[in-house]
Amino acid sequence: MRRPIALITGANGEIGHGLLEHLKKMQNTDVVALDLNPIDEALRPLCFSWTTGDILDEELMGRLVSEYEIHAIYHLAALLSTRSEYTPEKAHNVNVNGTLRLIHMAQEQARWHGHPVRFLFPSSIAAYGLPSLAAKREAGRVKESEWNDPTTMYGVNKLACEHLGRYYTFHYRQLARTDERSGVDFRAIRFPGLISALTMPTGGTSDFAPEMIHAAARGEPYACFVAESARIPFMAMPDAVKALIHLAEAPAEQLSQRVYNIGAFAPSAGEIRDCVLSAFPQAQITFEPDPPRAKIIDTWPEDVDDSPARKDWGWSPDYDLDRAFNEYLVPTIRNYYEQQSHS
Ligand code: AKB
């Protein structure tokens, strides 16, 4: 008998840290963690097992399905927006082909054990593409069906994966003689910029917010690569993890769609600077926009309409901007660097 598990790819990343902790507390499924890098020591007790490797490695994925019966996949592995611009073809291969292989694996697993495989996919506000700052301001809180014209390879990849997930869930093998549903139960969230106290971001364009906070906590100057007026939606990492779990647990019949916006707060980069200075008055923060990266941020929406998520599966954030800073980010980050300085 193969052990029933939930598979988390990209487990060592920003979302993975919080998700592993949450799933361990829930105690209702064994988790196998997969990442390109060895799983952090602190995360290993939270996993039934962990392995290092590439989601594109057929051998590795073959070993996983021979050893485990996969009932849920949290597919967090991806190249983020800035990094994907430097290697767009590699980004497509990892972000889209890698996701397709995992969705197909979910389809095969569902056929093996006869139950739907819940496939949780972190899409992004990068799936949107506002053509100008005037249009961005006019659009305000965008709905899922609006402005789906991404200008980054990462955003294109996320939108493609959303459609792949919807195809496998509702239209796979639609010409077959048997009415065989794929068994893939795909669910996606278009995450805003995520701010984690526990992990440093790598290769995202929304990273200016966590980079600013972490630099201030380290006592280092920070030159922000977007304009002071730049505005996109953000969220504290605990809310992002909560949303993934809630969407994963929602009965399929409650879902009126398979891709959801969620929002929490949408400050300007200047307002984030003000919060950082309140906590770290000595912080040296300047704004030195890097035009190509700043332009990407200008194509992402000012904010999102998350009413379908609130209606279908009871979404509501626990952290607004002030609480995110005062109760989560600043105390946790300050403690982290104080421990680092004593170690
Ligand atoms: C990025 O900046 O690329 C990501 C995202 C907004 O999805 N954090």
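The figures that follow rest on heavy atoms only: side chains count, while hydrogens, waters and symmetry mates do not. Numbering of residues begins at 1 and proceeds along the displayed sequence. Indexing begins at 1, ligand by ligand and atom by atom, following the structure's order.
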Review point. Are there more than 12 heavy atoms of other residues, nucleotides or ligands under 6.0 Å from atom CZ of R83?
Key: no
*Does ligand 1 have an atom that lies less than 4.0 angstrom from a heavy atom of T205?*
yes
Item to complete: Please verify whether a non-hydrogen atom of Y154 lies at under 4.0 Å from ligand 1.
Response: yes
Donor-acceptor under 3.5 Å ([X] side chain, [Y] main chain):
| X | Y | value |
| --- | --- | --- |
| H17 | G13 | yes |
| N148 | E144 | yes |
| Y328 | A197 | yes |

Atom 5 (C) of ligand 1 sits nearest the protein heavy atom S124 OG, 3.5 Å
Atom 3 (O) of ligand 1 sits nearest the protein heavy atom S81 OG, 2.5 Å
In terms of its nearest heavy atom to atom 8 (N) of ligand 1, the top option of S206, A126, S84 is S206
For this session: Tell me, with the steps shown, if R44 and D40 meet salt bridge (Lys or Arg N to Asp or Glu O under 4.0 Å).
Result: CA-CA 7 Å; R44 294 176 188 180; D40 286 355; over 6 Å; no
L80 heavy atoms within 4.0 Å reach ligand 1 at atoms 3 (O)
